[in-house]
Asker: 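Mind having a look at this structure? Questions to follow.
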Amino acid sequence: MTDQDLCFLSLAQQADLIRTRSASPVEVVESVLQQIDRVDPKLNSYITVMRDSALADARRAEEEIGRGAYRGSLHGIPVALKDLFYTEGVRTTAGSRILSDFVPAEDATVVVRLRQAGAVIVGKTNMHEFAYGTLSTNPHYGDVRNPWDPERVVGGSSGGSAAAACSYMCSAALGSDTGGSIRIPAALGGVVGLKPTYGRVSRHGAVPCAWSLDHVGPLTRTAEDAAVVLSAIAGYDPKDPASSLEPVPNYVVELQGDLSGLRLAVLREYVTDPTEPEVLAQFQASAVVLRSLGMSVDEISVPSVDAAVGASTAILASEVASYHEEWLRTRADEYGAEVRSRLETGLLIAATDYVKAQRVRNLLTGQLTELLKRYDALLYPTIPVTAPRLDEDSIELGGRREPKGPVMVRHTRLFNLVSFPAISVPCGFDSRGLPVGLHIATAPFTEGLALRVAHAYQQATDWHLKVPAVARG
Amino acid sequence: VDRHGDQAGRDTPELSGLTLTGAVVLSEERLRLLAPLWEATHRNLRRMDSLELGDTEPATIFVWKGEQQ
């Protein structure tokens, strides 16, 4: 294996080589930096590449490991951060012009924890402006392009993190998810994206989108790698008022639990909604695989999930408009046109609709809590379509044309509303070679179960081993 | 364009002097531009109306921490 090939290994494989001193952190990080040089001009997934500090950190990791101070599976591993996580001394733009010169004085809690685990931060990834959008089209830093077809969107808002993970320009990336912003680009980009339970991972030092819906989690090529990252970043943080005191298990150990007898259920409303036939076919094939692994797969109906769209809209739009209120008054011209319009629309939502939304949220949380006493996980396609073209404003679905942004988020936002963990795992490709995502949601604080099902699925399939041509070029 | 996506109301004497947009005042030009987006948003919001909420109270933001304390 050449140094150039190191970036094509999974995080877990790289960690094994580093632990056994068959490869050094410097070699792994250099391999990733070379991949960024080769590939990122075609995808635009990074806003800032931290080349010098990454190499310095890699040399420090190499020295530590050389004297026997190995910290664990993230030691010397190159990780990318969505550019809304504070990085001390390194600008943090949130994909915006307004914060284009913002240089934080501290690291976000998740960045502190990654560094403590020995991870090497290689850069800050591109995103939808202020994480308020599902496409990662960006008027200030350029659009993120899909590795499987650079003429198509990769989804968002954590699009740069997905494109970088998919194209071997990092071994893992962090994203944030307010309505699907980890899982959407994971599905369209063909990687694993995990949104943990609300409160499981600290939001301190992440530029907010909507406080009560924001979640932080990993994007990786495998569920096993996501388990490694989640184990490092999860846990109580007194700096986050929503942080949970719930103990953190070892998610890597939890991957190996028994699967037989697990009860899974397909959420009927999200497969009878208009869905591209090829997406539906891949999803149905994934259910067959899960059954073959010893799990039962029923179908259940929860008609009230239709109200989740309205509730999520009211809460998201109101909270994000509240966060941006001062800048809307004083610096409105500095927003991109699309995000500015959506922010201003949030100003018009009635307080009564916000409160109604919180009541709907309570009702749905109760219903899904009961449902997940009878079933271990809920399944459906993460997104009803594969990646749309960058140059098309709308997409054909169910016999009508719809704006592409809202279609992306249609099935993901429910689990931001109720705060339960959810993961998207690659489950196939359509006839154009575009990835499809399988969405798995579980009860609060059972991320280990979601990861275990996703890991078992990946052990039985090889979708996650396919490499986009742009990454080899 | 009022909150409910139609053209009624803004010129009536009863509404004169009201600021519909809270701390940020949107110009007539901006409101006209936002109209299609607001109509789509409004349609989404109204999807909550068919749900029977009964005595359900609003959720609080810090739901999990509250359960543990």
Side-chain angles (χ1 to χ4, degrees), chain A residues 197-200 211-213 240-246 303-304 306-315 317 319 321-322 324-326 328-329 332 337-338 340-350 353-366 403 406 417-419 444-445, chain B:
Chain A
T197 314
Y198 188 72
R200 176 79 298 180
W211 298 282
S212 78
L213 298 166
D240 178 350
S243 184
S244 169
L245 298 161
E246 191 78 16
S304 52
D306 185 62
V309 172
S312 174
T313 298
I315 295 168
E319 291 188 15
S322 174
H324 286 272
E325 187 181 277
E326 179 62 23
L328 285 171
R329 201 161 37 210
E338 175 246 344
R340 177 183 174 180
S341 292
R342 295 180 59 231
L343 288 171
E344 289 177 338
T345 303
L347 297 168
L348 303 171
I349 289 172
D353 275 336
Y354 180 80
V355 174
K356 179 181 277 188
Q358 295 289 14
R359 296 175 71 200
V360 170
R361 181 184 217 172
N362 221 359
L363 190 83
L364 285 171
T365 302
L417 198 62
V418 301
S419 314
F445 299 105
Chain B
V1 179
D2 72 9
R3 285 182 193 277
H4 297 98
D6 60 42
Q7 298 292 330
R10 284 190 61 80
D11 297 323
T12 62
E14 290 79 9
L15 282 181
S16 63
L18 288 182
T19 303
L20 293 176
T21 53
V24 182
V25 178
L26 299 175
S27 67
E28 292 286 340
E29 181 190 357
R30 289 300 301 170
L31 285 168
R32 269 195 295 277
L33 192 144
L34 296 178
L37 188 55
W38 172 248
E39 285 166 15
T41 303
H42 178 66
R43 277 195 301 275
N44 277 346
L45 295 174
R46 300 282 58 85
R47 289 170 74 171
M48 292 190 288
D49 296 348
S50 59
L51 200 58
E52 180 52 61
L53 290 169
D55 296 331
T56 309
E57 294 194 7
T60 57
I61 290 178
F62 305 128
V63 53
W64 304 119
K65 190 176 182 188
E67 280 186 357
Q68 290 159 354
Q69 289 178 333

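We use all heavy atoms of the structure for the numbers below, so side chains are in, but hydrogens, waters and symmetry mates are not. Chain A is the first sequence line, chain B the second, and so forth, proteins listed ahead of strands; every chain is numbered from 1. For clarity, every value in this text was computed on a predicted model and none was experimentally measured.
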Asker: Please determine if B/D55 and A/R359 form a salt bridge, counting it only when a charged side-chain N lies under 4.0 Å from a carboxylate O.
Answerer: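 A salt bridge is absent here (no side-chain N lies under 4.0 Å from a carboxylate O).
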Asker: Which heavy atom of B/M48 sits nearest to which heavy atom of A/A357, and what is that distance?
Answerer: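 Where B/M48 meets A/A357 most closely, the heavy atoms are SD-CA, 3.5 Å.
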Asker: Partners of A/S304 by side-chain hydrogen bond (donor to acceptor under 3.5 Å, both in side chains), sequence neighbours excluded?
Answerer: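 Listed in chain order: A/Q367.
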Asker: May I ask you to name which of A/I315, A/V309, A/L328 has the most heavy-atom pairs under 4.5 Å with chain B?
Answerer: A/V309
Asker: I'd like to check A/L348 versus B/T41 (side-chain heavy atoms, cut-off strictly below 4.5 Å). Are they in contact?
Answerer: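 Of all side-chain heavy-atom pairs linking B/T41 with A/L348, none is under 4.5 Å.
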Asker: By a 4.5 Å heavy-atom criterion (distance strictly below it), what part of B/L53 contacts chain A: side chain, backbone, both, or neither?
Answerer: both
Asker: Mind checking the CG-CZ spacing from B/L34 to A/R340? Nearest 0.5 Å is all I need.
Answerer: 8.5 Å
Asker: Given heavy-atom pairs under 4.5 angstrom as the criterion, report whether the side chain, backbone, both or neither of A/R342 touches chain B.
Answerer: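 Both the backbone and the side chain of A/R342 come within 4.5 Å of chain B.
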Asker: Minimum heavy-atom separation for B/E52 to A/L363, with atom names?
Answerer: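 Closest heavy-atom pair between B/E52 and A/L363: O-CD2, 4.2 Å.
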Asker: Mind checking what makes side-chain hydrogen bond (donor to acceptor under 3.5 Å, both in side chains) contact with A/E326, not counting sequence neighbours?
Answerer: A/R329
Asker: If you measure from the Lys or Arg side-chain nitrogens to the Asp or Glu carboxylate oxygens, is any gap between B/R30 and A/E344 under 4.0 Å?
Answerer: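 Salt bridge present between B/R30 and A/E344.
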Asker: At what distance, to the nearest 0.5 angstrom, does CG of A/L347 lie from CH2 of B/W38?
Answerer: 10.0 Å
Asker: Return the minimal non-hydrogen interatomic distance between B/L51 and A/A307, and the atom names on each side.
Answerer: CD2-CB, 3.7 Å
Asker: If you compare all heavy atoms of A/V355 against all heavy atoms of B/P58, which two are closest, and at what distance to 0.1 Å?
Answerer: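 Scanning both residues, the minimum pair turns out to be CG1-CG, 3.9 Å.
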Asker: Just so I know, are the side chains of A/D353 and B/R46 near enough to count as touching, which here means a heavy-atom distance under 4.5 Å?
Answerer: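 Touching, per the 4.5 Å side-chain cut-off.
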Asker: Determine the option with the most heavy-atom pairs under 4.5 angstrom with chain A, choosing from B/L33, B/D49, B/L37.
Answerer: B/L37
Asker: If you compare all heavy atoms of A/A314 against all heavy atoms of B/L45, which two are closest, and at what distance to 0.1 Å?
Answerer: CB-CD2, 3.5 Å
